[in-house]
Amino acid sequence: MHDIKFIRENKLLFDESLEKRNIQYPSKKIIKLHDEYLENLKKTQDFQEQKNILSKKFSPKMSKQEIVSLKKEVSILKEKIEKNKSLSDKKYKELNNNLLEIPNLVDDKTPIGKDEKDNNVIRVEGKKKVFDFTPKNHLEIGENLSLLDYDKAIRISGSRFSVIKSDLALLNRALINFMLDINTDSFNYMEICIPELVKTESLIGTGQLPKFGEDLFQTNFNDLWLIPTAEVPLTNLHREEIINLNKLPLRYTSFTNCFRSEAGASGKDTKGLMREHQFGKVELVSITEPDNSMIEFDRMIDCVETILKKLDLNFRLVELCSGDLGFSSSYTIDFEIWMPGQNKFREVSSCSNCKDFQSRRMKMRVKNFENGEIFYPHTLNGSSLAVGRIIVAILENYQQKDGSVIIPNILKKYMKGIEIIKPQCLKI
RNA sequence: GGAGAGAUGGCAGAGUGGUCGAAUGCACUGGUCUUGAAAACCAGCAAGGAUGCAAGUCCUUCCAGGGUUCGAAUCCCUGUCUCUCCGCCA
């Protein structure tokens, strides 16, 4: 959510920034609506003041006649107030609805571009694994191992769901534990268990609503929705709160399942762990002072990078261009891992600095009790990482000619002594 | 699901029609005292908005939405949520 005062004072800058997202001159309409709102607000307040003054004049000493005429005066004012208030309320709502649909401003660091083709690869880490055979994709590997079962998944829930068994299920759990351990023990994030069903307000707070409802699953219970990412409940931990400045920075990590309808992705990655309606993800969220958010962003990038390096994977960092940038973000770096079975890099993490865009939407504020100053903090989020896609990366990068898969060193202590996943004869 | 109680500032908690944006305590900030600290004492301390160079002035807000009234934190209705007891359940 944008600050209306900022828009008024920085019309050009505002429009220029949004033009990078291919949005044309939104400030004009916003300012017009705001003017109309203010006009009615001022009238409402003036009448309100007059009414308050009259109300205070009532006293037991007054004659009946005086009371009757005073009441008459008040009732005339009441009508005027009601008329103007309903107008100003209407304008306010309209203004607000418009503001809620405008994406965040684009940071200067964000490269300008139209779509993902204009994204900027800033760094490549690690080397592509060399195979003396043609590497298979994760789906083939998993099914050959009898550890990925799509017949069962389809029977239970349909397409875009997975059934993961035995040692591969253990690997799934190992990854979650590894990532949460390192996030808490080494990176100083606080682990949080958090609801995976959230209210509409929470989704408005982080920016998924009102615009992107069709990407989400909505339940028929109250107004609860399944979360598309733990960013939603984690960032909303402090919705409508005033946080004491001395508590910053706040760093939270959480494992949750994430649910996405994948409405716009028909035909893409229909089977397997790449693009599911339900997937596990360990998330990082930071809340910082505005001046520190880019430093915190670099720190977050370091955290994610450390994990990928410990898993000994070949990956690259990609700066998203303005046209590919998410609604709430002003600067985003994606991590992409080389997937030998697909012969391309695939996204496994996305780290964004949302600045004060989300904190404004959810009225999360910070107070400096030393000088009384109140301000909106910056919020950042990043995946560390999408578990399903990391399984894909491990299967494809650590596969061997005989179809078995080696467990990366760092995960061995989480794998009950299993060092290699072999094709197995399971009872189901 | 049944019965009852409740929702007030960062927290706790008073407040049943005007003098209430709201007692008091804690926390916090500044000051006095002290070598320093603690204690004690004094003072300050809600948010959002309009207007103004500023000081200030004004409007709104005591869970939310309606209503009664000249006037509502206070009375009435509806909704949401929380707590206690019972039932059920992991």
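Here the structure is a predicted model, which means the values were calculated and not measured.
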Does [X] have a side-chain nitrogen or oxygen under 4.0 Å from the phosphate oxygens OP1 or OP2 of [N]?
X: A/Q45; N: B/U51; value: no
X: A/K56; N: B/C20; value: no
X: A/K43; N: B/A50; value: no

Assigned partner base of [N], Watson-Crick or wobble definition, under 3.5 Å:
N: B/A46; answer: B/U61
N: B/A5; answer: B/U82
N: B/U24; answer: B/A12
N: B/U32; answer: B/A40
N: B/U68; answer: none
N: B/U51; answer: B/G56
N: B/G17; answer: none

With heavy atoms under 4.0 Å as the rule, sort [X] into base, sugar-phosphate or nothing.
X: A/K367; result: sugar-phosphate
X: A/L41; result: sugar-phosphate
X: A/L38; result: sugar-phosphate
X: A/N52; result: sugar-phosphate
X: A/K247; result: nothing

With a 3.5 Å cut-off and no angle check, do the side chains of [X] and [Y] form a donor-acceptor pair?
X: A/T219; Y: A/W225; result: no
X: A/R239; Y: A/S202; result: yes
X: A/Y414; Y: A/D181; result: yes

**Study point:** Interatomic distance, A/L70 CG vs B/U69 C1' [rounded to whole Å]
**Key:**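 Going from CG in A/L70 over to C1' in B/U69 covers 14 Å.
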Check your understanding: Any Lys/Arg nitrogen of A/K32 or A/E94 sitting under 4.0 Å from an Asp/Glu carboxylate oxygen of the other?
Key ->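 Answer for the salt bridge query: no.
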**Study point:** Nearest-nucleotide 5' precedence on RNA chain B, A/F58 against A/T44
**Key:**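 On the 5' side of the pair lies A/T44.
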Review point. Given that A/Q50 and A/Y37 both sit by RNA chain B, which one's nearest nucleotide is further toward the 5' end?
Key: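 First, find each residue's nearest nucleotide; the 5'-ward one identifies A/Y37.
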Check your understanding: Closest approach of A/L100 and A/I204, non-hydrogen atoms and distance?
Key -> CD2-CG2, 3.9 Å
